[in-house]
Colleague: 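Take a look at this one; I'll ask things after.
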Amino acid sequence: MNDVIELDLSKTKTDLDVYYEIGKAFFNSYGYYGTEINSFIDCLINIHESLKKREKMPILKIKGYKNFKKHFEDNIFFEDFYNEFGKSGFEIQNS
(Lines give C-alpha, C1' and ligand atoms only; values in the text may rest on other atoms or scores of the structure.)
Protein backbone atom coordinates (compact mmCIF):
# COMPACT_ATOMS: atom_id res chain seq x y z
CA MET A 1 0.00 0.00 0.00
CA ASN A 2 1.17 3.52 -0.78
CA ASP A 3 2.18 6.14 1.76
CA VAL A 4 -0.53 8.40 0.30
CA ILE A 5 -4.02 7.26 -0.60
CA GLU A 6 -5.77 9.70 -2.91
CA LEU A 7 -9.54 9.80 -2.63
CA ASP A 8 -11.19 11.69 -5.50
CA LEU A 9 -14.45 13.24 -4.34
CA SER A 10 -14.56 15.87 -7.06
CA LYS A 11 -17.66 14.39 -8.72
CA THR A 12 -19.50 12.87 -5.76
CA LYS A 13 -23.07 13.93 -5.08
CA THR A 14 -24.52 11.06 -3.04
CA ASP A 15 -23.37 8.92 -0.13
CA LEU A 16 -23.05 5.94 -2.47
CA ASP A 17 -20.73 7.92 -4.74
CA VAL A 18 -18.44 8.51 -1.75
CA TYR A 19 -18.46 4.83 -0.72
CA TYR A 20 -17.61 3.78 -4.29
CA GLU A 21 -14.73 6.27 -4.44
CA ILE A 22 -13.39 5.04 -1.09
CA GLY A 23 -13.42 1.48 -2.44
CA LYS A 24 -11.60 2.62 -5.56
CA ALA A 25 -8.96 4.51 -3.54
CA PHE A 26 -8.23 1.58 -1.26
CA PHE A 27 -8.69 -1.35 -3.64
CA ASN A 28 -7.95 0.20 -7.09
CA SER A 29 -11.46 -0.77 -8.18
CA TYR A 30 -14.93 0.05 -7.03
CA GLY A 31 -14.68 -2.40 -4.18
CA TYR A 32 -17.30 -2.61 -1.50
CA TYR A 33 -16.91 0.01 1.20
CA GLY A 34 -20.44 0.09 2.53
CA THR A 35 -23.75 1.60 1.57
CA GLU A 36 -24.43 3.49 4.80
CA ILE A 37 -22.40 4.77 7.75
CA ASN A 38 -22.45 1.55 9.82
CA SER A 39 -21.23 -0.67 7.00
CA PHE A 40 -18.63 2.00 6.16
CA ILE A 41 -17.36 1.85 9.76
CA ASP A 42 -17.22 -1.96 9.63
CA CYS A 43 -15.16 -1.84 6.44
CA LEU A 44 -12.89 0.82 7.88
CA ILE A 45 -12.27 -1.28 11.00
CA ASN A 46 -11.11 -4.17 8.82
CA ILE A 47 -8.77 -1.91 6.84
CA HIS A 48 -7.48 -0.37 10.06
CA GLU A 49 -6.60 -3.80 11.46
CA SER A 50 -4.42 -4.60 8.46
CA LEU A 51 -2.86 -1.11 8.31
CA LYS A 52 -1.95 -0.86 11.99
CA LYS A 53 0.84 -3.37 11.34
CA ARG A 54 2.57 -0.64 9.36
CA GLU A 55 5.05 1.68 10.98
CA LYS A 56 3.06 4.73 9.86
CA MET A 57 -0.51 5.06 8.63
CA PRO A 58 -0.86 6.38 5.09
CA ILE A 59 -1.97 9.94 4.46
CA LEU A 60 -5.49 10.22 3.07
CA LYS A 61 -5.50 12.98 0.47
CA ILE A 62 -9.00 14.23 -0.35
CA LYS A 63 -9.07 15.50 -3.93
CA GLY A 64 -12.16 17.56 -4.71
CA TYR A 65 -12.72 18.73 -1.15
CA LYS A 66 -14.74 21.77 -2.30
CA ASN A 67 -17.23 19.54 -4.11
CA PHE A 68 -17.44 17.16 -1.16
CA LYS A 69 -18.09 20.05 1.23
CA LYS A 70 -20.66 21.60 -1.13
CA HIS A 71 -22.75 18.43 -1.31
CA PHE A 72 -22.27 17.07 2.22
CA GLU A 73 -21.49 19.86 4.67
CA ASP A 74 -25.07 19.94 5.99
CA ASN A 75 -25.22 16.14 6.14
CA ILE A 76 -24.09 14.30 9.29
CA PHE A 77 -22.16 12.00 6.95
CA PHE A 78 -19.63 14.82 6.36
CA GLU A 79 -18.63 14.94 10.03
CA ASP A 80 -18.81 11.15 10.43
CA PHE A 81 -16.51 10.69 7.43
CA TYR A 82 -13.73 12.76 9.02
CA ASN A 83 -14.31 11.40 12.52
CA GLU A 84 -14.10 7.76 11.47
CA PHE A 85 -10.98 8.16 9.33
CA GLY A 86 -9.41 10.23 12.12
CA LYS A 87 -10.20 7.58 14.76
CA SER A 88 -8.49 5.03 12.53
CA GLY A 89 -5.29 7.07 12.61
CA PHE A 90 -5.31 8.60 9.14
CA GLU A 91 -3.81 12.02 8.58
CA ILE A 92 -6.20 13.78 6.22
CA GLN A 93 -5.17 16.40 3.70
CA ASN A 94 -7.85 18.30 1.76
CA SER A 95 -7.01 19.57 -1.69
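By convention here, the first residue in the shown sequence is residue 1.
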Colleague: Search all heavy atoms of Ser95 against all heavy atoms of Lys63 and return the closest pair with its distance.
Modeller: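 Closest approach of Ser95 to Lys63: OG-CA, 3.6 Å.
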Colleague: Report yes or no: do Leu16 and Leu44 belong to one cluster of Ile/Leu/Val/Met/Phe/Trp/Tyr joined by side chain heavy-atom distances under 4.5 Å?
Modeller: yes
Colleague: So, the side chain of Thr12 versus the backbone of Val18: is there a donor-acceptor pair under 3.5 Å, distance only?
Modeller: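 Not confirmed, Thr12 side chain does not pair with Val18 backbone.
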Colleague: Are Phe81 and Val4 grouped together when hydrophobic residues (ILVMFWY) are joined by side-chain heavy atoms under 4.5 angstrom apart?
Modeller: no
Colleague: Holding to side-chain hydrogen bond (donor to acceptor under 3.5 Å, both in side chains), I want the full list of residues that pass it with Tyr65, two or more places apart in sequence or in another chain.
Modeller: none
Colleague: With rounding to the nearest 0.5 Å, note down the distance linking NZ in Lys13 to CZ in Phe72.
Modeller: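 It is 10.5 Å, given to the nearest 0.5 Å.
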Colleague: Could you state the interatomic distance from CD1 (Ile62) to CD1 (Ile5), rounded to the nearest 0.5 Å?
Modeller: 10.0 Å
Colleague: Parallel, tilted or perpendicular: which describes the rings of Tyr19 and Phe77, with under 30° parallel and over 60° perpendicular?
Modeller: perpendicular
Colleague: Drop me the distance from Glu91's CD to Lys56's NZ, to the nearest 0.5 angstrom.
Modeller: 6.0 Å
Colleague: Report yes if some heavy atom in the side chain of Phe90 is under 4.5 Å from a heavy atom in the side chain of Ile59; otherwise report no.
Modeller: no
Colleague: Looking at Lys11 and Asp17, what are the two nearest heavy atoms and their distance?
Modeller: O-OD2, 4.3 Å
Colleague: Enumerate the residue pairs fulfilling side chain to side chain donor-acceptor pair (under 3.5 Å) with a member in residues 72-86, sequence neighbours excluded, ordered by first and then second residue.
Modeller: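 As it turns out, the side chain to side chain donor-acceptor pair (under 3.5 Å) pairs with a partner in residues 72-86, which skip direct neighbours, are Tyr82-Asn94, Glu84-Lys87.
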Colleague: Once you round to the nearest 0.5 Å, how far does CG of Leu7 lie from CD of Glu21?
Modeller: 7.0 Å
Colleague: Considering all heavy atoms of both residues, which atom of Met57 and which atom of Gly89 are nearest to each other, and what is their separation?
Modeller: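 Residues Met57 and Gly89, closest heavy atoms: CB-O, 3.5 Å.
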Colleague: Is there a donor-acceptor pair under 3.5 Å between the side chain of Asn67 and the backbone N or O of Gly64?
Modeller: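 Between the backbone of Gly64 and the side chain of Asn67 there is no qualifying donor-acceptor contact (under 3.5 Å).
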Colleague: Between Phe40 and Ile45, is a side-chain contact (heavy atoms from CB on, under 4.5 Å) present by the stated rule, with each step listed?
Modeller: CA-CA 9 Å; Phe40 163 69; Ile45 288 169; over 6 Å; no
